[in-house]
Trainee: 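Let me begin by handing over the structure; questions about it come next.
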Amino acid sequence: MKAMSIKWKLVTAWNALRYRMEESLNNEEGIGTVEIVLLILVAVGLVLIFKDKITELVNSIFSKISSQAGKV
């Protein structure tokens with residue numbers, strides 16, 4: 001049940017982020033396209049730099065979820 005709740009929260013957060021990005025791209029007074037592209041490049045760079053740590057963290061989280069799923 002908690003895994004479904006976490007998945008639902010992730011989906012909701014992703015949809016909110018997507019909505020905000022679409023609004024920002026369509027808003028002529030807001031952030032420009034160049035700024036959005038730079039933010040995406042920084043995010044991708046950070047992911048590439050910390051790929052191993054991110055993978056380790058995600059695997060750890062999912063192993064804890066799996067091991068504790070029987071307790072619920």
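Owing to the predicted nature of the structure, the values given are computational and were not obtained by experimental measurement.
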Trainee: In the single-linkage hydrophobic clustering (I, L, V, M, F, W, Y; side-chain heavy atoms under 4.5 Å), do Ile36 and Val44 co-cluster?
Mentor: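 Yes, it is one cluster - the side chains of Ile36 and Val44 are joined through contacts under 4.5 Å.
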Trainee: Quick one: do Leu39 and Val34 end up in the same hydrophobic cluster if we chain Ile, Leu, Val, Met, Phe, Trp and Tyr together by side-chain heavy atoms under 4.5 Å apart?
Mentor: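 No, it is not one cluster - the side chains of Leu39 and Val34 are not joined through contacts under 4.5 Å.
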Trainee: Linking I/L/V/M/F/W/Y whenever any side-chain heavy atoms sit under 4.5 Å apart, do Ile54 and Phe62 land together?
Mentor: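 Cluster IDs for Ile54 and Phe62 match.
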Trainee: Would you please name every residue forming a side chain to side chain contact (heavy atoms under 4.5 Å, CB included) with Asp52, sequence neighbours left out?
Mentor: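 Side chain to side chain contact (heavy atoms under 4.5 Å, CB included) list for Asp52, sorted by chain: empty.
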Trainee: Go through the structure and list residues passing side chain to side chain contact (heavy atoms under 4.5 Å, CB included) with Val37, not counting sequence neighbours.
Mentor: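 So Val37 forms a side chain to side chain contact (heavy atoms under 4.5 Å, CB included) with Thr33, Leu41.
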Trainee: Report yes or no: do Ile40 and Tyr19 belong to one cluster of Ile/Leu/Val/Met/Phe/Trp/Tyr joined by side chain heavy-atom distances under 4.5 Å?
Mentor: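 Different hydrophobic clusters.
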Trainee: List for me each residue that meets side chain to side chain contact (heavy atoms under 4.5 Å, CB included) alongside Leu57, sequence neighbours excluded, and say none if there are none.
Mentor: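 Per chain and number, Leu57 pairs via side chain to side chain contact (heavy atoms under 4.5 Å, CB included) with Ile61.
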Trainee: Using side chain to side chain contact (heavy atoms under 4.5 Å, CB included) as the criterion, list what pairs up with Thr55, not counting sequence neighbours.
Mentor: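 Here the qualifying residues are Lys51, Asn59.
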Trainee: Return the CZ to CG distance between Arg20 and Asn15, rounded to the nearest 0.5 Å.
Mentor: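 One finds 13.0 Å between CZ of Arg20 and CG of Asn15.
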